[in-house]
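All residue numbers refer to positions in the sequence shown, counting from 1.
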Amino acid sequence: MSRLQHPQQGFTLLEVIVAVVIAALCLAALSQVFATGVRAASTSSDYMRAMTLAQSLLAGVGVEKTAADGSESGTSIDGRLQWTVTISPEPTDEGENLVRPPLELKRVRARVVAASANDAPGNRGRTVELVTLLAVPRQTP
């Protein structure tokens with residue numbers, strides 16, 4: 001029998017190399033997509049932790065901590081969140097009112113900086129800042 005009667009079976013070396021290159025390109029693209037998704041999930045998680053801590057700090061003013069004017073700061077247990085709570089008097093227009101109301105307003109600002117593990121050393125990370133007004137009993141002279 002001659003070669004013309006038996007079709008060649010299997011793949012040539014060139015076809016195998018082309019298939020491996022195409023598979024490698026597809027895997028590289030998929031790994032980039034996966035890595036981007038992991039970074040986005042990490043960033044989202046850090047942001048949610050920072051937002052939750054800021055809300056907790058605001059809720060604790062006047063309950064766990066006194067609402068005295070000033071600033072307090074700290075770091076989370078894992079060291080990835082740095083927070084500052086600032087309390088200042090909120091100016092109100094009392095006009096010519098001779099009677100002072102029994103409550104005064106305080107501006108409470110909670111600022112949390114989330115340093116992500118993906119951030120470069122010089123990068124400060126994402127910042128969450130929440131501000132609210134709190135009515136507290138007025139100090140009697």
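With hydrogens and angles disregarded, no donor-acceptor distance shorter than 3.5 Å links the side chain of Ser45 to the backbone of Ala41. Judged purely by atom type and a 3.5 angstrom limit, Thr43 uses its side chain to pair as donor or acceptor with the backbone of Arg39.
The other members of the hydrophobic cluster of Val21, by chain and number, are Leu13, Ile17, Leu25 (side-chain heavy atoms under 4.5 Å, ILVMFWY only). Hydrophobic side-chain contacts under 4.5 Å tie Ile77 to no other Ile, Leu, Val, Met, Phe, Trp or Tyr residue.
Side-chain contact between Val61 and Leu134: present, with at least one pair of heavy atoms (C-beta onward) separated by less than 4.5 Å. Two residues are said to be in side-chain contact when any heavy atoms from C-beta on lie closer than 4.5 Å; Leu130 and Gln55 meet this criterion.
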(request) Before giving the answer on side chain to side chain contact (heavy atoms under 4.5 Å, CB included), spell out for Arg126 and Asp46 the whole-Å C-alpha distance, their side-chain angles and the decisive distance to 0.1 Å. (result) CA-CA 8 Å; Arg126 291 190 175 268; Asp46 290 344; over 6 Å; no
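Every side chain to side chain donor-acceptor pair (under 3.5 Å) that Ser76 has, sequence neighbours left out, goes to Asp78. In terms of the side chain to side chain donor-acceptor pair (under 3.5 Å) criterion, Glu72 has no residue partners (sequence neighbours excluded). Partners of Thr75 according to the side-chain contact (heavy atoms from CB on, under 4.5 Å) rule, which considers only residues two or more places apart in sequence or in another chain, are Gln82.
A salt bridge links Lys106 with Asp69: at least one charged nitrogen is closer than 4.0 Å to a carboxylate oxygen.
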Listing, residues 26-38 side-chain donor-acceptor contacts under 3.5 Å, not counting sequence neighbours, or none:
unit_1, atom_1, unit_2, atom_2, d
Ser31, OG, Leu27, O, 3.4
Ser31, OG, Ala28, O, 2.8
Thr36, OG1, Gln32, O, 2.9

